[in-house]
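Heads up, the thing below is written out as structure tokens.
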Amino acid sequence: MKYLLILTIIALFHPRQDKLQGAWEYSKGDTTFSMIVVDDYMSMAMYNMAGKKFYGTMGGTVTSIQGEIAGIMEFNSMDKSAVGKPYHMPMSRKGKELVMGRANKETWKMVDDGTKNLAGNWRITQREQNGTLTPIHTTGARKTIKILSSNRFQWAAINTETGEFSGTGGGSYSFADGKYTETIEFFSRDSSRVGMSLSFNARLNQKDWYHSGKSSKGDPINEVWSRR
């Protein structure tokens with residue numbers, strides 16, 4: 001009896017995050033709303049791929065999914081004053097559908113369950129400089145993160161102290177036979193990159209993801225991303 005009580009208390013204070021794990025999508029007119037929830041983190045973006053328009057993004061930690069998805073906002077391109085504050089989004093799930101919102105309810109569809117390939121919450125930790133992989137300071141408020149489900153991705157350059165938002169991009173990806181290929185569906189800094197597919201050499205070494213190739217500008221890239 002005591003053991004069951006302990007398990008119940010743990011469940012109440014540490015709700016399971018896998019109930020929302022994965023990528024979700026909702027469309028309204030020509031606007032796509034994309035959300036990835038993985039490793040206790042949420043990222044969401046609003047865009048029109050056909051029109052190459054980016055409308056906004058937000059994301060942060062996930063601390064509860066009991067009748068709502070809630071946590072602390074780490075970035076918000078539409079309202080920097082929201083960074084560092086709690087967010088709450090009412091939701092209920094039925095199979096591969098997720099209903100969110102209060103007065104205006106939205107039905108989101110599951111894209112994938114976030115359990116395969118490079119699914120995780122990543123932060124860049126090393127970058128090649130002058131031919132050598134150089135560590136990047138990871139204890140400060142400025143960071144570049146990359147959130148991936150089984151086949152969706154979004155990166156964001158943010159500052160969790162000041163609320164400054166420096167850019168984001170995302171879309172779909174594949175990972176097989178040492179190749180990571182992504183197709184850009186939105187890019188806040190340069191809409192001309194939307195629709196491009198880029199391939200990189202990629203390998204995993206425990207919690208590190210080694211990533212090399214060329215950027216959408218054609219510049220060489222050699223980076224290491226580590227699970228947060």
Between Asp190 and Ser192, does the side-chain hydrogen bond (donor to acceptor under 3.5 Å, both in side chains) criterion hold? Intermediate values first, please. CA-CA 5 Å; Asp190 186 352; Ser192 69; 2.6 Å; yes
Give the C-alpha distance, both sets of side-chain angles, the deciding distance and a yes or no for side-chain hydrogen bond (donor to acceptor under 3.5 Å, both in side chains) between Ser149 and Asp112. CA-CA 7 Å; Ser149 64; Asp112 67 62; 2.9 Å; yes
Using a 3.5 Å cut-off and no angle test, enumerate the donor-acceptor pairs between side-chain atoms of residues 216-224 and protein atoms at least two apart in sequence or in another chain.
unit_1, atom_1, unit_2, atom_2, d
Ser216, OG, Arg193, NH1, 2.8
Asn222, ND2, Glu128, OE1, 2.6
Glu223, OE1, Trp225, NE1, 3.0

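- Note on residues 56-95: no pairs pass ring pair (Phe, Tyr, Trp, His ring centres under 6.0 Å), not counting sequence neighbours.
- Listed by chain and number, the residues in a side chain to side chain contact (heavy atoms under 4.5 Å, CB included) with Lys28 are Tyr26, Phe33 (sequence neighbours excluded).
- When the ring pair (Phe, Tyr, Trp, His ring centres under 6.0 Å) test is applied to Tyr180, the partners found at least two apart in sequence or on another chain are Tyr173, Trp209, His211.
- Every residue meeting the side chain to side chain contact (heavy atoms under 4.5 Å, CB included) condition with Thr61, not counting sequence neighbours, appears here in chain and number order: Tyr41, Thr63, Ile72, Glu74.
- Shown here are the side chain to side chain contact (heavy atoms under 4.5 Å, CB included) partners of Lys116, two or more places apart in sequence or in another chain: Asp113, Ser150.
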Enumerate donor-acceptor pairs with a distance under 3.5 Å from any side-chain N or O in residues 50-60 to protein atoms, sequence neighbours excluded.
unit_1, atom_1, unit_2, atom_2, d
Thr57, OG1, Met44, O, 2.6
Thr57, OG1, Gln154, NE2, 2.7

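- Between Gly114 and Val38, the shortest heavy-atom contact is O-CG2, 4.4 Å.
- Applying the ring pair (Phe, Tyr, Trp, His ring centres under 6.0 Å) rule to Phe187 yields the partners Trp155; only residues at least two apart in sequence or on another chain are considered.
- In this view, Phe186 and Tyr47 satisfy the ring pair (Phe, Tyr, Trp, His ring centres under 6.0 Å) rule, not counting sequence neighbours.
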Indicate every side-chain donor-acceptor pair of residues 159-167 with a distance under 3.5 Å to a residue at least two apart or in another chain.
unit_1, atom_1, unit_2, atom_2, d
Asn159, OD1, Glu161, N, 2.9
Asn159, OD1, Thr162, N, 3.0
Asn159, OD1, Thr162, OG1, 3.4
Thr160, OG1, Ala141, O, 3.4
Thr162, OG1, Glu164, N, 3.2
Glu164, OE2, Lys80, NZ, 2.4

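- Pairs passing the salt bridge (Lys or Arg N to Asp or Glu O under 4.0 Å) check and including a residue from residues 137-155, sequence neighbours excluded, read Lys146-Glu182, Arg152-Glu185.
- For the residue pair Ser81/Asp79, the side-chain donor-acceptor check at 3.5 Å is satisfied.
- For Asn205, the side chain to side chain contact (heavy atoms under 4.5 Å, CB included) partners are Arg203, Tyr210, not counting sequence neighbours.
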